[in-house]
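Below: one structure, written as structure tokens.
Computation of the quantities below employed the complete heavy-atom set of this structure, encompassing side-chain atoms and omitting hydrogens, waters and symmetry-equivalent molecules.
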Amino acid sequence: MDFDALSIVKFGDSEGLSSFLFENGLQHKLFQETFMDAGITVPIFPIMDADTKNLDDWLLAHQVEHQAFSSLLGLNNPFNMLDVDFNNESDFYDWVASHLYIHQQIAASLGL
């Protein structure tokens, strides 16, 4: 898994954010397929279709997917991903770091 794309996104870089959203979507798809291969249904939203200028809907759908993954794997419930201001540099980097850690936990738990 390419965790670099989830960690090197820079504040204010819309092209980098688009790459982040794409890689994040690919990882979610892999997580979903891994669950489905085990006969487990998980929520699936079109999170790869996010509008980088308005991420509110994406944040909600993304939160729901992460809550399902964490619950099924017995992981701690993810941080509140909705509580972020992507226009604030500190918030942005805190969110990116916390999100990366969660993806690493999910991948490790699924053996990916």
Side-chain angles (χ1 to χ4, degrees):
M1 299 193 88
D2 180 10
F3 291 117
D4 286 346
L6 298 185
S7 64
I8 61 174
V9 61
K10 301 289 184 211
F11 178 75
D13 176 8
S14 63
E15 186 177 315
L17 182 58
S18 291
S19 295
F20 167 90
L21 293 170
F22 181 75
E23 179 59 33
N24 179 74
L26 289 177
Q27 289 188 21
H28 276 244
K29 186 173 189 248
L30 179 58
F31 298 158
Q32 293 158 346
E33 290 171 350
T34 303
F35 281 113
M36 288 187 287
D37 287 348
I40 301 168
T41 303
V42 293
I44 298 174
F45 295 96
I47 62 171
M48 290 177 78
D49 299 334
D51 175 3
T52 59
K53 293 182 181 18
N54 182 2
L55 291 173
D56 291 344
D57 290 341
W58 178 83
L59 283 167
L60 178 58
H62 190 241
Q63 174 82 18
V64 170
E65 288 188 8
H66 269 282
Q67 286 174 326
F69 301 154
S70 294
S71 175
L72 289 166
L73 294 170
L75 301 172
N76 289 333
N77 203 27
F79 68 104
N80 182 359
M81 294 183 187
L82 302 172
D83 188 22
V84 63
D85 178 358
F86 279 131
N87 294 313
N88 177 294
E89 188 171 359
S90 178
D91 270 14
F92 177 83
Y93 285 120
D94 287 347
W95 189 96
V96 167
S98 296
H99 176 260
L100 172 64
Y101 177 69
I102 290 169
H103 268 247
Q104 291 169 332
Q105 283 185 311
I106 293 168
S109 294
L110 290 172
L112 301 173

Contact check, side chains of Val9 and Phe92, non-hydrogen atoms, under 4.5 Å: yes

Listing, residues 16-28 side-chain donor-acceptor contacts under 3.5 Å, not counting sequence neighbours, or none:
from: Ser18; atom 1: OG; to: Ser14; atom 2: O; distance (Å): 3.1
from: Ser19; atom 1: OG; to: Glu15; atom 2: O; distance (Å): 3.3
from: Glu23; atom 1: OE2; to: Gln27; atom 2: NE2; distance (Å): 3.1
from: Asn24; atom 1: OD1; to: His62; atom 2: NE2; distance (Å): 3.3
from: Asn24; atom 1: OD1; to: His99; atom 2: NE2; distance (Å): 3.0
from: Asn24; atom 1: OD1; to: His103; atom 2: NE2; distance (Å): 2.9
from: Asn24; atom 1: ND2; to: His62; atom 2: NE2; distance (Å): 3.2
from: Gln27; atom 1: OE1; to: His103; atom 2: ND1; distance (Å): 2.8
from: Gln27; atom 1: NE2; to: Asp2; atom 2: O; distance (Å): 3.2
from: His28; atom 1: ND1; to: Glu65; atom 2: OE1; distance (Å): 2.6
from: His28; atom 1: NE2; to: His62; atom 2: NE2; distance (Å): 3.2
from: His28; atom 1: NE2; to: His66; atom 2: NE2; distance (Å): 3.1
from: His28; atom 1: NE2; to: His103; atom 2: NE2; distance (Å): 3.3

Heavy atoms from other residues, nucleotides or ligands near CG of Asn54 exceed 12 (cutoff 6.0 Å): yes

Verdict with reasoning, Lys10 to Tyr93, per side-chain contact (heavy atoms from CB on, under 4.5 Å): CA-CA 8 Å; Lys10 301 289 184 211; Tyr93 285 120; 3.9 Å; yes

Transitive ILVMFWY side-chain link Tyr101 to Leu30, under 4.5 Å: no

Separation of Gln105 CD from Leu110 CG (nearest 0.5 Å): 11.5 Å

Same apolar cluster: Leu55 and Leu60, side chain cutoff 4.5 Å: yes

Joint cluster assignment, Val64 & Trp95, ILVMFWY side-chain distance < 4.5 Å: yes

Under the side-chain contact (heavy atoms from CB on, under 4.5 Å) test, residues paired with Ser109 that sit two or more places apart: Leu73, Leu75

Heavy-atom side-chain proximity of Phe69 to Ile102 below 4.5 angstrom: no

side-chain contact (heavy atoms from CB on, under 4.5 Å) partners for Ala61, two or more places apart: Phe45, Ile47

Interatomic spacing from CG in Leu112 to OG1 in Thr34 - rounded to 0.5 Å: 4.5 Å

Spacing of OG belonging to Ser70 relative to CG belonging to Asn76, to within rounding of 0.5 Å: 8.0 Å

Flag side-chain contact, heavy atom, 4.5 Å: Phe86 against Leu59: yes

Thr41: partners by side-chain contact (heavy atoms from CB on, under 4.5 Å), with sequence neighbours left out: none

Partners passing ring pair (Phe, Tyr, Trp, His ring centres under 6.0 Å) against Phe3 (at least two apart in sequence or in another chain): none

List the atom pairs, donor and acceptor, that lie under 3.5 Å between side-chain atoms in residues 78-85 and the rest of the protein, sequence neighbours left out.
from: Asn80; atom 1: OD1; to: Leu82; atom 2: N; distance (Å): 3.0
from: Asp85; atom 1: OD1; to: Asn87; atom 2: N; distance (Å): 2.9

Note, Met36 side chain near Phe31 side chain (heavy atom, < 4.5 Å): no

Inter-residue atom distance Asp57.CG - Asp49.CG, 0.5 Å rounding: 12.0 Å

